[in-house]
Structure formats: structure tokens, C-alpha cells
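One structure below.
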Amino acid sequence: SGSTYLILAEPAEGTTQSKRRYWGSYILRTGISHPFMIQAPRPSFDINALETAASMFDALNARVLMLGGASPMANQDGSADILDVNNKANLFNAASQALLKASGNTSLVIVQSRATGTRRDLPMPSADIVIATDRGAHRDDQLTPLGKQVTDFFTRRGLSYVFSDGSLETAGYEAGGIAQSFYLNATQNKELLVFWSSPLARPVFLNQTESTPQQAQATALGLTTVKE
């Protein structure tokens, strides 16, 4: 694609004397980019969320790709879960806030890649993708032009999507209540869009990201991917 990147990541385990802290990895496009900050906060926990985020980072020519480090289950007290509002003091959130602040009053959209899971008490979503926004959009015409680029990304790949609208099938899929959403109130022209991909959607991204520069970057960073 001709893009160049600045990659910030911890050295692989055993390559230095320092103990690895699993603080995540951060890939910044240094050339011309579009105002999207793609995040996969749980790449080792949400199946194929890394591949999905990498595909979107490439397709949207996004400015930043942020990958969480530790599994949210790593610590028994829950302190490794960077989505938990009680764990706001971590590098992932600090980097997210710094990038929002650095963009000033210009537009920037945080897009989080997540994955749906098995739910015994509620029906599974009928669509391939569930989308939730910090602005509460539940129709296409309520999206901003940047938000529409995200839904177009799914449409071009033949994937269906539904908005989190309070229905039983989308209950629990919400953009509010996560640590990355709280700083938005102190910014202007910023958005948060979270999407969850279903097991049927994940192979689409998996096939598209094999042998891409983003997959090579993930391998170089020592990041493992999970296939069903």
C-alpha cells in the first residue's frame, strides 16, 4: 500500500532482561491517513478481533491501530481488563486519550473490534455484526459520514449488521460503560463506535488479512491469533 508505520511494542519475552508487562501494541500510520483509531482491546480473548481490526485499519487507511496486551482474565482481581471503568489507569487508555487530545477539534472516530459470544439467557444477534455508538445511533441515517464509512466497510464484504437498539438480541452490546468512552465528554468532534462480529463473519476477515502487511506486523510483534 506504500504506507509507512511507527510501531510501539514491548520486546518479545526473553529478548531483554526486562519483564514483559503486556501493555499492548500501537501502530501509527505516518503518512496520509483517515481519522480512525482502530482498537482491539481484547485481541487474545475476542476470537479473530485482531484480524478484523487489521483488515479495517488497512481498508479505511486508518491513522492508528491499538491492540490490547493482557487477557482480561489474566489477573484474578480483574485489574487486567482494560474495558472495565475501574481500571482506567493503564497505558492503553492513556494512549487513547493522548491521541484524542492531540487531534484537537478535528474529527476522530474510535472504532473497537470485538466478538460476540455464546449467550444462554438471551437470543444471539440475527446479523453478522452488531454496532453500538456513543451517540445512540440505531439507524443508518443517524450515523455521521465517518460512521457511515464503517458500515460501508461491512456492506462491501457482504455482511449484514444491526444496531444496538434495546432489543433482546442486542441487549448487552453497548458503547457506553467502557473505560474508553469516558474521555469523549472532554473532547470535540470525536466519536466511539463499537462492533461485535459473529462467528459467521469472522472467516471473511481472516481470509482477507492473511499475508497482508498488518498480519506480518502482528507476527513481528509476537501477537498470536486465534482461529475457531
Side-chain angles (χ1 to χ4, degrees), residues 6-28 37-54 56-57 62 64-101 110-121 130 132 134 164 171-186 192-199 202 205-206 209 214-215 217-228:
L6 172 64
I7 302 177
L8 306 176
E10 296 177 85
E13 196 75 58
T15 59
T16 67
Q17 294 182 351
S18 300
K19 183 178 180 181
R20 190 177 179 188
R21 297 179 181 273
Y22 296 90
W23 279 346
S25 302
Y26 308 87
I27 303 171
L28 292 82
M37 185 195 308
I38 312 300
Q39 298 182 345
R42 296 174 169 178
S44 63
F45 185 78
D46 284 333
I47 297 176
N48 295 144
L50 168 58
E51 290 84 354
T52 310
M56 181 171 285
F57 176 68
V64 184
L65 174 62
M66 298 176 54
L67 309 173
S71 166
M73 309 298 291
N75 298 335
Q76 292 184 350
D77 62 359
S79 59
D81 186 358
I82 58 176
L83 294 177
D84 191 328
V85 295
N86 296 314
N87 301 326
K88 291 184 287 187
N90 57 70
L91 184 58
F92 190 92
N93 288 330
S96 182
Q97 292 179 13
L99 290 165
L100 288 173
K101 185 176 181 179
I110 298 176
V111 184
Q112 281 198 357
S113 173
R114 303 286 308 282
T116 59
T118 302
R119 308 199 304 177
R120 297 180 180 178
D121 54 338
V130 178
D134 67 299
S164 178
Y173 297 109
E174 300 170 353
I178 60 176
Q180 293 75 41
S181 67
F182 284 86
Y183 189 69
L184 291 176
N185 292 332
L192 170 65
L193 186 152
V194 185
F195 70 87
W196 294 260
S197 57
S198 74
R202 293 167 201 158
F205 304 110
L206 190 61
T209 57
Q214 284 69 45
Q215 189 67 22
Q217 290 164 8
T219 302
L221 291 170
L223 299 168
T224 57
T225 59
V226 180
K227 300 181 182 181
E228 286 188 308

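The CE atom of Met56 sits 5.5 Å away from atom CD1 of Ile38, with the distance rounded to the nearest 0.5 Å. To the nearest 0.5 Å, atom OG of residue Ser197 and atom CD of residue Glu51 are 9.5 Å apart. Atoms CD1 and CG, on Ile110 and Leu184 in that order, are 5.0 Å from each other to the nearest 0.5 Å. Residue Tyr22 holds its OH atom at 12.0 Å from CG of Asn75, rounded to the nearest 0.5 Å. How far CD1 of Ile7 is from CD1 of Ile27: 5.0 Å, rounded to the nearest 0.5 Å. With values rounded to the nearest 0.5 angstrom, Gln39 atom CD is found 11.5 Å from Leu193 atom CG.
Side-chain contact check for Tyr183 versus Ser96: every heavy-atom pair is 4.5 Å or farther apart. Put simply, the side chain of Phe182 reaches to within 4.5 Å of the side chain of Val85, judged on heavy atoms. Looking at Val194 and Glu174, their side chains never come closer than 4.5 Å, going by heavy atoms from C-beta outward. A 4.5 Å side-chain heavy-atom check between Arg114 and Phe195 finds every atom pair outside the cut-off. With contacts defined as side-chain heavy-atom distances shorter than 4.5 Å, the pair Leu91/Tyr26 qualifies.
For the pair Gln180 (side chain) and Ile82 (backbone), a donor-acceptor distance under 3.5 Å is present. The backbone N or O of Asn93 lies less than 3.5 Å from a partner atom in the side chain of Asn90, making a donor-acceptor pair. Of the possible polar contacts, one joining the Glu10 side chain to the Trp23 backbone as a donor-acceptor pair under 3.5 Å is found. Side chain of Thr52 to main chain of Asn48: a donor-acceptor pair is present (N/O by atom type, distance under 3.5 Å, no hydrogens or angles).
The minimum heavy-atom distance linking Leu192 with Ala175 is given by the pair CD2-O, 3.5 Å. In plain terms, the two heavy atoms of Ala9 and Ser25 that are nearest each other are CB-OG, 3.7 Å. Across all non-hydrogen atoms, the minimal contact from Ser44 to Gly69 is OG-O, 4.3 Å. Residues Ala132 and Tyr173 come closest through the heavy atom pair CB-O, 3.8 Å. Contact record, Met37 with Met66: SD-SD, 3.5 Å, taken as the closest heavy-atom pair. Of all heavy-atom pairs spanning Gly68 and Pro43, the tightest one is O-CG, 3.2 Å.
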key: Audit row: Ser181, Asp134, side-chain contact (heavy atoms from CB on, under 4.5 Å) steps and yes/no   = CA-CA 7 Å; Ser181 67; Asp134 67 299; 5.7 Å; no
